[in-house]
Amino acid sequence: MDATGTGGRDGGRVTITAIAREAGVSVPTVSRVVNGRSDVAPQTRARVEELLRRHGYRRRTGSGGGDRAALLDLVFNDLDSPWAVEIIRGVEEVAHEGGVGVVVSAIHDRAGPARQWMRNLRARTSDGVILVTSVLEPLLHDELHRLGVPIVAVDPAGSPALDAPTIGATNWAGGLAATEHLLHQGHRRIGFIAGPPRLLCSRARMDGHRAALAAAGVPVSEELTVPGDFYHASGFSGCNRLLELAERPTAVFASSDQMALGAIEALRQRGLRVPQDMSVVGFDDLPEMRWASPPLTTVRQPLAEMGKMAARTVLGQARGEAPDSPRLELATELVIRASTAPPGGSTPPGA
């Protein structure tokens with residue numbers, strides 16, 4: 001299997017990837033044999049089963065001893081955001097139905113925590129990994145690939161690694177819809193608080209915002225775009241930057257709900273009212289946004305459903321099933337509440 005004779009073992013445990021390499025077949029094919037699937041050619045099945053016996057491969061089982069994955073790793077960059085709770089809720093629902101445990105970790109985009117997580121992963125021989133807006137260094141990506149652990153990425157940072165399937169929302173369409181709503185109300189000078197540029201979802205929201213402006217014949221003004229990181233403080237500081245312009249905007253589109261709340265606080269501290277003095281739109285539709293003051297107009301992305309889809313996809317991979325698509329996007333929806341109005345705060349015709 002390899003030059004050392006270890007057979008691609010990890011701590012004495014032979015991996016499906018090593019078996020597949022020696023058998024000259026794909027990892028999903030070995031997974032199908034391990035799980036007793038019938039859709040494998042008899043000669044291929046016999047060859048794989050012989051290698052499994054020879055190397056003493058022991059398949060993990062679920063809590064009831066059945067043919068199912070026993071443990072999933074759910075990995076975030078950070079856990080200090082309400083939207084992370086929604087992702088966890090969706091993953092946990094699917095995992096609970098399948099009798100599968102979930103280990104939640106945060107790696108903070110730093111090498112130390114990421115390597116510690118990898119050591120822990122090896123020790124518990126996880127059956128699948130869901131990466132949420134996380135960045136792992138190339139060596140750790142390579143190690144996951146070597147171990148043959150199924151991976152799904154939710155809102156990946158940059159290009160998806162390891163040819164892993166990805167789960168996301170229609171971020172471009174959401175950015176388009178939010179900006180079109182403000183344009184329809186008569187706003188032409190619209191501030192935009194961007195998310196982290198390393199994330200594909202952030203860039204897609206900005207592209208959708210700018211596409212709506214272009215379609216309406218409104219020039220993109222770079223001074224109206226300020227950086228953010230999806231958290232309250234950057235929404236607060238970004239809105240203050242917009243308010244300091246010689247000609248301030250009449251509306252602000254923040255590319256996360258938390259930044260929208262930060263923007264509303266910046267306006268409040270300056271004695272400005274929402275939406276009478278400035279309209280505010282967010283992105284996410286976290287559960288508490290309907291209770292904000294005023295209730296927030298925002299783009300709903302189905303976070304819990306994204307978690308469910310990620311869990312179903314990675315559990316399917318663990319059973320040897322190929323994903324339906326390398327990229328799955330769930331639909332976003334504009335939710336109009338009381339934080340938006342035409343410039344001056346009047347009610348738009350037909351609203």
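The residues of the chain are indexed from 1 along the displayed sequence. Quick caveat: nothing in here was measured; it's all calculated off a predicted structure.
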Heavy-atom distance under 4.5 Å between the side chains of Leu243 and Leu267, does that happen here? yes

So, Ser339 side chain and Val280 main chain: donor-acceptor pair closer than 3.5 Å or not? yes

Intermediate values then yes/no, side-chain contact (heavy atoms from CB on, under 4.5 Å), Met309 and Leu330: CA-CA 9 Å; Met309 182 66 70; Leu330 304 185; 4.3 Å; yes

Dump the intermediate steps for side-chain contact (heavy atoms from CB on, under 4.5 Å) on Thr166 and Val154, then the final yes or no. CA-CA 6 Å; Thr166 65; Val154 177; over 6 Å; no

Hey, are Arg300 and Glu305 close enough for a salt bridge, meaning a charged N less than 4.0 Å from a carboxylate O? no

Any chance you could lay out the side-chain contact (heavy atoms from CB on, under 4.5 Å) test for Leu213 and Leu183, step after step, and finish with the verdict? CA-CA 8 Å; Leu213 294 178; Leu183 290 165; 4.2 Å; yes

I need the Asp284 CG to Trp83 CH2 distance, nearest 0.5 Å. 8.5 Å

So how far is it from Leu303 CG to Leu286 CG, rounded to the nearest 0.5 Å? 6.5 Å

Minimum heavy-atom separation for Ala106 to Pro113, with atom names? O-CB, 4.4 Å

Do Leu131 and Pro156 touch side chain to side chain, with heavy atoms closer than 4.5 Å? no

State, to 0.1 Å, how close Met259 and Gly228 come at their nearest heavy-atom pair, and which atoms those are. SD-CA, 3.8 Å

For the hydrophobic clusters of this structure (ILVMFWY residues joined by side-chain heavy atoms under 4.5 Å, transitively), does one cluster hold both Leu328 and Ile87? yes

Exercise: identify the closest heavy-atom pair between Cys201 and Asp155: CB-OD1, 3.9 Å

Could you tell me whether Glu329 and Arg327 make a salt bridge, using a distance below 4.0 angstrom between a side-chain N and a carboxylate O? yes

Rounded to the nearest 0.5 angstrom, the CZ-OG1 distance for Phe253 and Thr298 is 8.0 Å

Can you name the closest pair of heavy atoms from Phe230 and Ser255 and give their distance? CE2-O, 3.4 Å

Side-chain touch Ile130/Val75, heavy atoms, less than 4.5 angstrom: no

Arg270/Glu244 ion pair, N-O < 4.0 Å: yes

Are Leu182 and Leu334 connected into the same hydrophobic cluster when the rule is that any two of I, L, V, M, F, W, Y join if their side-chain heavy atoms are below 4.5 Å apart? yes

For Thr250, which of Arg189, His187, Arg188 qualifies under side-chain hydrogen bond (donor to acceptor under 3.5 Å, both in side chains)? His187

Worked verdict on Thr340 versus His181 for side-chain hydrogen bond (donor to acceptor under 3.5 Å, both in side chains): CA-CA 9 Å; Thr340 51; His181 169 65; 2.9 Å; yes

Are any of the side-chain nitrogens in Asp285 or Arg337 under 4.0 Å away from the carboxylate oxygens of its partner? yes

I'd like to know if the side chain of Thr170 reaches the main chain of Thr332, judged simply by a donor and an acceptor atom lying under 3.5 Å from each other, with no hydrogens or angles considered. yes

Beyond-backbone contact of Ile107 with Phe76, side-chain heavy atoms, under 4.5 angstrom: no

Take Leu261 and Glu265 through the test side-chain contact (heavy atoms from CB on, under 4.5 Å) and record every step on the way to the result. CA-CA 6 Å; Leu261 293 181; Glu265 177 60 17; over 6 Å; no

Do Leu242 and Arg248 have side-chain heavy atoms sitting under 4.5 Å apart? no

Decide salt bridge (charged side-chain N to carboxylate O under 4.0 Å, His left out) for Glu321 and Arg312; before the verdict, give the C-alpha distance in whole Å, the side-chain angles of both, and the deciding distance to 0.1 Å. CA-CA 11 Å; Glu321 301 168 2; Arg312 292 188 188 112; over 6 Å; no

Quick check against the 3.5 Å criterion: does Thr29 have a side-chain atom that pairs as donor or acceptor with the backbone of Val25? no

Working to the nearest 0.5 Å, report the span between OG of Ser105 and CE of Met118. 11.5 Å

Any chain of hydrophobic side-chain contacts (each under 4.5 Å) joining Ile190 to Ile336? yes

Interatomic distance, Tyr231 atom OH to Ser81 atom OG [nearest 0.5 angstrom]: 5.5 Å

Transitive ILVMFWY side-chain link Met206 to Val226, under 4.5 Å: no

When you compare the side chain of Val94 with that of Leu315, does any pair of heavy atoms fall below 4.5 Å? yes

Donor-acceptor check, side chain of Asp207 to backbone of Arg205, threshold 3.5 angstrom: yes or no? no

With the side chain counted from C-beta on, respond yes when Val104 and Leu79 share a heavy-atom pair under 4.5 Å apart, and no when they do not. yes

Could you tell me whether Glu50 and Arg45 have a side-chain N and a carboxylate O separated by less than 4.0 Å? no

At their closest point, which heavy atom of Ser325 faces which heavy atom of Pro165, and how far apart are they? O-CB, 4.2 Å

Heavy-atom nearest pair, Gln185 first then Pro342, reads O-CB, 3.2 Å

Can you tell me how far the CD1 atom of Ile193 sits from the NE2 atom of His209, to the nearest 0.5 Å? 11.0 Å

Sort out for me which residue in Glu93, Glu97, Glu92, Glu86 forms a salt bridge (Lys or Arg N to Asp or Glu O under 4.0 Å) with Lys308. Glu93

Close side-chain approach of Val281 and Val252, heavy atoms under 4.5 Å: no

Counting only heavy atoms not in Asp80, do more than 12 sit closer than 6.0 Å to its CG atom? yes

Establish whether Leu72 and Val132 are linked, either directly or via other cluster members, by ILVMFWY side-chain heavy-atom contacts under 4.5 Å. yes

